[in-house]
There are 2 protein chains.
Amino acid sequence: MGGFDVGERLKQLRLARQLSQRELAKRAGVTNSTISLIEQNSVSPSVSSLKKILDALPVSISEFFAGEELSQEQVFYRAEELTEIGDGTLSWKLVGARRPNRSMSIIHERYPPGADTGEEMLEHEGEEGGVIISGTIELTVGGEVQLLTAGDAYYFDSRLPHRFRNKSDNECVIVSANNPPSFSDGGTEQHHA
Amino acid sequence: MGGFDVGERLKQLRLARQLSQRELAKRAGVTNSTISLIEQNSVSPSVSSLKKILDALPVSISEFFAGEELSQEQVFYRAEELTEIGDGTLSWKLVGARRPNRSMSIIHERYPPGADTGEEMLEHEGEEGGVIISGTIELTVGGEVQLLTAGDAYYFDSRLPHRFRNKSDNECVIVSANNPPSFSDGGTEQHHA
DNA sequence: ATGCTATGTAAAAGATCTTCAACATAAGGA
DNA sequence: TCCTTATGTTGAAGATCTTTTACATAGCAT
């Protein structure tokens, strides 16, 4: 468990509602001991127990963990220090690749003439969008094909099969964002778009 | 556990990253059995285990429990049809502004010389990042100030007080992304950066 | 002071989760 | 074919979480 104080958070939520450990336990269908031990961080509760307890407040698990960490991470990135992922033809520069738990990937992409994410359509979790900075790119999404040029943009659910292809003679530059992030630094490279 | 399918959700996230149970387990510091049992909903993992696993994806617990759905909305946006928000000095063109429930705002921003988001620092929920396309911008985040130029980038927690300011004589162009989205079309305008 | 109730804590037993160590299957190469 | 590697699954042992049951303290009325 890194950084986030589950016990303290639960205690605050409980006290804000002016409930005793026993009262909350009763509503949640667990015992007061469970609440006590969790609040002291003597145990890491099971998701099912935590869910029962939070339901009684009521607070969603998502809310409970929202604001896990007001991360004091790197903010500014010089062009040359961006993490680059390339395979010779495509070049992707990731912003904040090392940030754990960041909510987005932001990528500065360069597609040289002929670059192509491949015939096998990409499909993955999340959403992605971007703006064409220069050049032209052929984008296929869910069967629809469009030729986008500088200033144009796109946004789609990444589970729709998609493909990027530069059929022109000039480099195409795109700034894109993905949610959730498709890449992490240091690990094995994964497929993307 | 009511309603939310922990196992299925984990499996989707894992497969979207093309990881095997063993590979994910290795990165997370748990065993493949744990992943297997969780994905089959044979157990309700402890928060500490789930956290370890999600950290390896990486996905926050909060994100994990925030739902999703597949939307088939507009995908392609011509430059001239992007929703523009301007106040005479700044110009922001939103990608997919009309999409309900989208997870990000992607914005094509133009800061003319002298443009400034204001002395009162911006602070709001979420994260934001971007890439400088041209020109230079002075960015202040959490007390730190940097002058960024073309190719540089930034990424920070939006709760840290921040400010954008073009002190140069040339226009500065940025493509940025915000999560969660800061603007919605037609609705009340919110503060941003 | 005595009795009653409410609070949070904790040891030990019971229940659940995690690991260890297999197993079964499928894909690829020699 | 046989061998090797990679995949996901599972029984039993070990580790952790939850309950049972109790304890200690504090507040309040009699």
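Just so it is clear: chains get the letters A, B, ... in the order the sequence lines come, proteins before strands, and each one is counted from 1. When reading the values below, keep in mind they use all heavy atoms of this one structure, side chains included, and skip hydrogens, waters and symmetry mates.
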Exercise for the section: Check whether any side-chain N or O of Arg165(B) sits under 3.5 Å from a backbone N or O of Glu138(B) as a donor-acceptor pair, and report yes or no. Expected result: no

Exercise for the section: Run the numbers on Glu171(B) and Arg110(B) for salt bridge (charged side-chain N to carboxylate O under 4.0 Å, His left out), then give the verdict. Expected result: CA-CA 7 Å; Glu171(B) 181 182 66; Arg110(B) 291 175 187 282; 3.4 Å; yes

Handout entry: Phosphate OP1/OP2 of dA6(C): any Gln21(A) side-chain N/O under 4.0 Å
Key = no

Handout entry: Any Ser46(A) side-chain nitrogen or oxygen under 4.0 Å from OP1 or OP2 of dC17(C)
Key = no

Handout entry: Whole-Å gap separating P (dT18(C)) and NZ (Lys51(B))
Key = 16 Å

Exercise for the section: Indicate, with a heavy-atom threshold strictly under 4.0 Å, whether Gln40(B) touches base, sugar-phosphate, or nothing. Expected result: sugar-phosphate

Practice task
Mind calculating the distance between CD1 (Ile35(B)) and P (dC17(C)) to the nearest angstrom?
Solution key: 15 Å

Problem - Rounded interatomic separation in angstrom, taking CG from Leu19(A) and P from dG8(C) - result: 10 Å

Practice task
Please work out which of the three classes, parallel, tilted or perpendicular, describes the rings of Phe164(B) and Phe156(B), given edges at 30° and 60°.
Solution key: tilted

Practice task
Would you kindly check whether a donor in the side chain of Asn32(A) faces an acceptor in the base of dT7(C), or vice versa, at under 3.5 angstrom?
Solution key: no

Completion exercise
Taken to the nearest whole Å, CD1/Ile38(A) to P/dA10(C) is 15 Å

Practice task
Pick base, sugar-phosphate or nothing for Ser20(B), based on heavy-atom distances below 4.0 Å to the nucleic acid.
Solution key: sugar-phosphate

Problem - Backbone N/O of Met104(B) and side chain of Asn179(A): donor-acceptor pair under 3.5 Å - result: no

Problem - Heavy-atom donor-acceptor pair, Ser33(B) side-chain to dC20(C) base, under 3.5 Å - result: yes

Problem - Main-chain N/O of Ala115(B) paired to Asn166(B) side chain as donor or acceptor, under 3.5 Å - result: no

Completion exercise
Taking for Pro45(A) and for Ser36(B) the nucleotide of DNA chain D with the nearest heavy atom, the one nearer the 5' end belongs to Ser36(B)

Exercise for the section: Looking at every strand, decide which applies to Leu37(B) at a 4.0 Å heavy-atom threshold: base, sugar-phosphate, or nothing. Expected result: base

Exercise for the section: May I ask you to verify whether the side chain of Ser42(A) and the base of dA10(C) hold a donor-acceptor pair under 3.5 Å? Expected result: no

Handout entry: Contact boundaries on DNA chain D for chain B, cut-off under 4.0 Å to non-hydrogen atoms
Key = dT7(D) to dT10(D)

Handout entry: Close side-chain approach of Val6(A) and Phe65(A), heavy atoms under 4.5 Å
Key = yes

Practice task
May I ask you to check if Arg9(A) and Phe64(A) form a cation-pi contact, with NZ or CZ under 6.0 angstrom from the six-membered ring centre and within 45° of the axis?
Solution key: yes

Exercise for the section: On DNA chain C, check which nucleotide each of Thr34(B) and Arg14(A) is closest to and give me the residue with the more 5' one. Expected result: Arg14(A)

